[in-house]
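One structure follows; several queries about it will come next.
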Amino acid sequence: MPASRRERAVYPACCEIEVLSQDAFAKRDVIEAMKLIHDSKVALCQALEDIADRLPAATDALVCLSMASRLLPLLRRAHAYEEAVIFPAYEKLVVSASLSTDRLRAEHISDQCFAADLTDMLLKIGHGAPVDQAETFGFMLRGFFDGLRRHVAFENEHIVPAIRQGALGTASSRSAS
């Protein structure tokens, strides 16, 4: 299979990453909303990893523009929902949760700053600029998506089970009354 055809087979996935909306959250319970956020973040990480793996020669301008247009809006909406809904729910259920949620909130700020830098670079590449320091850009991409994957893993290992258990406890106490 020619390289251009092989690249097209992988790249369209990044173009399907949904930029989260308030409407998307309103139709779901907290666990379903977290799953949507996590699925979106994991898809974002995969698309960024695909870009990193193809550096320097096989970058696709449209993919870079697509990722640049989705990266910050997705993170901002996901983080806003997590901080307004998910973290307070977790803090009500787990006594020492504020230590974790404070750290996660700080990670949100760091992630958004990092994403802004990546967005600038993706926009430049998308508008035809050469990838001058491909190794540096690749390390930046990997540093970002590795951190984001760890963030998602922590939430899946600690926050989701606590909220799920809390929801089960609430449901069983209602049925007992």
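In this chain, numbering begins with 1 at the start of the sequence shown.
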Check your understanding: Met34 and side chain to side chain contact (heavy atoms under 4.5 Å, CB included): which partner among Val85, Val152, Asp39, Val160?
Key -> Val160
Point to revise | Salt-bridge present (Glu157, Arg150; N to O < 4.0 Å) | key: no
Point to revise | Whether Ser40 side chain and Leu36 backbone form a donor-acceptor pair below 3.5 Å | key: yes
Check your understanding: Do Phe139 and Val131 share a hydrophobic cluster, counting only Ile, Leu, Val, Met, Phe, Trp and Tyr and linking them when any side-chain heavy atoms are less than 4.5 Å apart?
Key -> no
Study note, to complete from the structure: On a heavy-atom basis, the closest approach of Ile37 and Ala78 is CG2-CB, 3.7 Å
Review point. Looking at side-chain heavy atoms only, is the closest gap between Leu55 and Leu141 below 4.5 Å?
Key: yes
Exercise for review: Look up atom NZ in Lys124 and atom CG in Asp132, then write down how far apart they are to the nearest 0.5 Å.
Suggested key: 9.5 Å
Exercise for review: Find out whether His127 and Leu65 are in side-chain contact, i.e. whether some heavy atom of one side chain is under 4.5 Å from a heavy atom of the other.
Suggested key: yes
Practice item. Verify whether one side chain among Thr101 and Glu91 offers a donor that lies under 3.5 Å from an acceptor in the other. Key: yes
Exercise for review: Please report the shortest heavy-atom distance between Ala115 and Leu71, naming the atom on each side.
Suggested key: O-CD2, 3.5 Å
Exercise for review: Starting at CZ of Arg164, measure out to CD1 of Ile31 and round the result to the nearest 0.5 Å.
Suggested key: 5.0 Å
**Study point:** Closest approach of Ile125 to Thr59 (non-hydrogen atoms, all atoms of both residues)
**Key:** CG2-OG1, 4.0 Å
Check your understanding: Should Leu148 and Leu48 be marked as a side-chain contact (heavy atoms from CB on, under 4.5 Å) after you check the CA-CA gap, both sets of side-chain angles, and the distance that decides it?
Key -> CA-CA 11 Å; Leu148 198 56; Leu48 292 172; over 6 Å; no
Point to revise | Heavy-atom pair of closest approach, residues Ala162 and Val94 | key: CB-CG2, 3.9 Å
Practice item. Give the C-alpha distance, both sets of side-chain angles, the deciding distance and a yes or no for side-chain contact (heavy atoms from CB on, under 4.5 Å) between Leu104 and Ile159. Key: CA-CA 11 Å; Leu104 294 171; Ile159 296 176; 3.6 Å; yes
Practice item. Taking the side chain as every heavy atom from C-beta outward, state whether Arg149 and Gln46 have any atom pair closer than 4.5 Å. Key: yes
Check your understanding: Side chains of Gln165 and Leu93: closer than 4.5 Å at any heavy-atom pair?
Key -> no
Check your understanding: Would you call the rings of His108 and His79 parallel, tilted or perpendicular, where under 30° means parallel and over 60° means perpendicular?
Key -> parallel
Review point. Hey, any chance Leu72 and Val63 share a hydrophobic cluster, counting ILVMFWY side chains that come within less than 4.5 Å of each other, even indirectly?
Key: no
Check your understanding: Within the distance-only criterion (no hydrogens, no angle test), does the side chain of Glu32 pair as donor or acceptor with the backbone N or O of Asp29 below 3.5 angstrom?
Key -> yes
Exercise for review: Would you name the heavy atoms of Phe114 and Gly143 that are closest together and state the gap between them?
Suggested key: CE1-C, 3.9 Å
Check your understanding: Will you find, in the side chains of Asn156 and His38, an N or O donor that is under 3.5 Å from an N or O acceptor?
Key -> yes
Check your understanding: What do the steps show when you test Lys35 against Glu155 for salt bridge (Lys or Arg N to Asp or Glu O under 4.0 Å), and what is the final call?
Key -> CA-CA 10 Å; Lys35 181 171 179 5; Glu155 289 178 351; over 6 Å; no
Exercise for review: Hey, could you give me the OG/CZ distance between Ser110 and Arg105, rounded to the nearest 0.5 Å?
Suggested key: 16.0 Å
Review point. Is Gln133 atom CD crowded by more than 12 heavy atoms from other residues, nucleotides or ligands, each under 6.0 Å away?
Key: no
Check your understanding: Can you find a heavy atom in the side chain of Glu49 that is under 4.5 Å from one in the side chain of Cys45?
Key -> no
Study note, to complete from the structure: Value for NE2 (His158) from CD1 (Ile163), rounded to nearest 0.5 Å, stands at 13.0 Å
Practice item. Please examine the side chains of Phe154 and Ser100, heavy atoms only from C-beta on, and report whether any two atoms are closer than 4.5 Å. Key: yes
Exercise for review: Taking all heavy atoms of His151 and all of Lys41, pick out the closest pair and write down the distance.
Suggested key: CD2-NZ, 3.8 Å
Exercise for review: Using the ring of Phe137 (Phe, Tyr or Trp, six-membered ring only), decide whether Arg142 places NZ or CZ under 6.0 Å from its centre and within 45 degrees of its axis.
Suggested key: no
Point to revise | Student check: side-chain heavy atoms of Ile51 and Phe145 closer than 4.5 Å | key: no
**Study point:** Shared hydrophobic cluster for Phe144 and Val42 (ILVMFWY, side-chain gaps under 4.5 Å)
**Key:** no
